[in-house]
Amino acid sequence: MEQNSSSPSPVVIEHKAYARIGLLGNPSDVYDGRTISLSIDNFWASVRLQPSADLLIVPHPTHDLVKFNSLSHLVNRLENEGYYGGVRLLMATCKVFNSYCKEQGIHLHNKNFSLSYDTNIPRQTGLSGSSAIACAAFSCLLDFYNVREKIGVKIRPQLILNAEKELGIVAGLQDRVAQVYGGLVYMDFNKASMNKNGHGNYTQLDTSLLPPLHLIYAENPSDSGKVHSAVRQRWLDGDKFIISSMEEVANLALQGRTALLEKDYAKLATLMNQNFDLRRQMFGDAALGALNIEMVEVARRVGAASKFTGSGGAVVAFCPDGALQVEALTDACKKAGFSIVPVKVVPSLLNETDIRTLVTKNWTQTTKTNVFSLPCPVENVR
């Protein structure tokens, strides 16, 4: 049950954070760019906080497994799932939350709690499973300590990202913004705003502007963590091709906002395809992975627009020709061994307390200067 800051701490606090689809502009959020992303109700992570005598981080019975049938069971588990579950994310979120409150002089009571989580977000699918756990945990802490109004909405994505950085996770703000705000969000991460305010400029768009979308994903995707490495270094080194290509990717989100507002879905389809093509040129097939590329091409073979939802492992597809094309896409995915589901969009997650933080003064961790934040506007058809 979600609580706002005007009510006392309940016996149990529970929050969900939803999987994220990068519709346009990714991965330019890591490169001073722009993106459009949406939260989806198909998959989520939930975190549960319950007052307790001791502060307890509860391991998940599946995702934080430490008991095995045999050595081969342990090895198979590590090869398929990796070394890490969600406990580390909960711990890192608690640490960053406490540090920020201490730095900003935000008083926290000394009561303890137990923190547990669950998730159905498929692993390594580029749907932001890790950040969803951290985001949901952060929301629980806001309500347990009754400080939701003291930590502004625009600041929260950076704090959630800081928690992940504690664990060596390399990522941008896009996923966390989408999961904090919910719904459909246009994001501008221009360098001037980031340096001045410690956050980008975020605008929620009306979710009714979206056409029907489909999510395609693989049950056993390749690791998406390798995708950013070489390109990031080349960008830092001033590689002209990477810099100009990333600017093109960022511009697709700007064009995409106009296309959505005008409901120009033919243009939207073109932009989605261009987004993937630019990414492929920058990263190369070896980095993207044959399985990930095949998911895109399965959609394109039936005339659907398609691109990665994130770094690989899942694809968002749009069928501009309607129901018959959706049927053809569904059949093609099943033959290729991919799962496909209609995208269910989550509405805005901001409550009245959250919205108030957008019109009050908040201190940013990055600049530690007073920044006056205007409300996040919602754009509809012009």
Side-chain angles (χ1 to χ4, degrees), residues 19-31 33-40 42 122 124-128 171-172 174-175 178 184-187 205 209-218 221-222 224 227-228 231 245-260 264-285 287-321 325-326 329 332-333 336 338-343 345:
R20 179 278 300 125
I21 286 178
L23 184 63
L24 284 171
N26 58 308
S28 75
D29 60 313
V30 192
Y31 305 90
R34 309 178 192 91
T35 63
I36 298 175
S37 296
L38 55 139
S39 294
I40 64 170
N42 302 79
Q124 298 179 356
T125 51
L127 294 172
S128 304
Q174 171 190 218
D175 303 0
L184 177 66
V185 188
Y186 170 77
M187 312 169 201
L205 304 174
L209 297 171
L210 286 168
L213 300 171
H214 283 78
L215 177 68
I216 303 168
Y217 60 99
S222 59
S224 64
V227 174
H228 289 301
V231 169
S245 297
M246 204 61 74
E247 288 174 352
E248 285 187 66
V249 171
N251 192 48
L252 296 178
L254 184 61
Q255 295 178 63
R257 182 176 69 171
T258 300
L260 285 170
D264 185 350
Y265 298 138
K267 178 66 172 178
L268 178 66
T270 298
L271 295 172
M272 289 174 64
N273 285 331
Q274 287 177 344
N275 201 148
F276 177 77
D277 293 343
L278 284 166
R279 186 186 199 117
R280 189 173 186 176
Q281 290 169 20
M282 286 187 287
F283 289 93
D285 287 6
L288 298 191
L291 183 68
N292 293 327
I293 292 171
E294 177 62 15
M295 275 190 284
V296 171
E297 293 186 340
V298 162
R300 291 191 176 184
R301 283 196 287 268
V302 301
S306 58
K307 62 176 293 296
F308 286 177
T309 61
S311 301
V315 163
V316 57
F318 167 47
C319 295
D321 295 338
Q325 193 173 43
V326 170
L329 175 61
C333 286
F338 300 134
S339 298
I340 178 170
V341 293
V343 168
V345 186

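In terms of heavy-atom proximity, Ile216 sits nearest to Ala299 at CD1-CB, 4.2 Å. Met282 and Ser245 make their closest contact through SD-CB, 3.5 Å (heavy atoms, listed as atom of the first residue, atom of the second, distance). Closest approach of Val30 and Ala171 over heavy atoms only: CG2-C, 4.4 Å. In plain terms, the two heavy atoms of Ala253 and Tyr186 that are nearest each other are O-CE1, 3.8 Å. Minimum interatomic distance between Ala259 and Lys267 (heavy atoms only, all atoms of both residues): CB-CG, 3.9 Å. Smallest separation of non-hydrogen atoms from Val302 and Ala332: CG1-CB, 4.2 Å.
Between Pro211 and Tyr265 there is a side-chain heavy-atom pair separated by less than 4.5 Å. The shortest distance between side-chain heavy atoms of Leu215 and Ile340 does not fall below 4.5 Å. Between Leu184 and Ile36 there is a side-chain heavy-atom pair separated by less than 4.5 Å. Residues Val185 and Leu38 fail the side-chain proximity criterion, which asks for heavy atoms closer than 4.5 Å. Contact check for Phe338 versus Leu291: side-chain heavy atoms found under the 4.5 Å cut-off. Residues Asp285 and Arg280 have side chains in contact (heavy-atom distance under 4.5 Å, counting atoms from C-beta outward).
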Using distance only, find each side-chain donor-acceptor pair of residues 19-27 under 3.5 Å and give its atom names and separation, not counting sequence neighbours.
unit_1	atom_1	unit_2	atom_2	d
Arg20	NE	Ser128	OG	3.3
Arg20	NE	Asp175	OD1	2.8
Arg20	NH1	Gly126	O	3.1
Arg20	NH1	Thr309	O	2.6
Arg20	NH2	Ser128	OG	2.9
Arg20	NH2	Asp175	OD1	2.9
Arg20	NH2	Asp175	OD2	3.0
Asn26	OD1	Lys307	NZ	2.7
Asn26	ND2	Gly310	O	3.4

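Distance alone, capped at 3.5 Å, places no donor-acceptor pair between the Arg34 side chain and the Val249 backbone. Between the Gln325 side chain and the Gly303 main chain, a donor and an acceptor come within less than 3.5 Å of each other. Side-chain N or O atoms of Asn292 include none that pairs as donor or acceptor with a backbone N or O of Gly312 at under 3.5 Å. Of the possible donor and acceptor atoms, one in the side chain of Ser306 sits under 3.5 Å from a partner among the backbone N and O of Val296.
Once rounded to the nearest 0.5 Å, the distance linking CG of Asn275 with OG of Ser28 reads 8.0 Å. Note that the CZ atom of Arg257 and the CG atom of Leu271 stand 13.5 Å from one another [nearest 0.5 Å]. For the atom pair CG of Asn251 and CD of Glu247, the computed distance is 9.5 Å after rounding to the nearest 0.5 Å. The line from OG1 of Thr35 to CG of Leu254 is 12.0 Å long, rounded to the nearest 0.5 Å. To the nearest 0.5 Å, atoms CG (Leu329) and SG (Cys319) are separated by 4.5 Å. If you take CD1 on Ile40 and CG on Leu213, they are separated by 10.0 Å, rounding to the nearest 0.5 Å.
Applying the ring pair (Phe, Tyr, Trp, His ring centres under 6.0 Å) test to Phe276 and every residue at least two apart in sequence or in another chain returns Phe308.
Residues Arg301 and Glu294 are paired through a salt bridge, judged by an N-O separation under 4.0 Å between the basic side chain and the carboxylate.
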### Task
Let me see the working for Asp29 and Met187 under side-chain contact (heavy atoms from CB on, under 4.5 Å), right down to the final yes or no.
CA-CA 8 Å; Asp29 60 313; Met187 312 169 201; over 6 Å; no

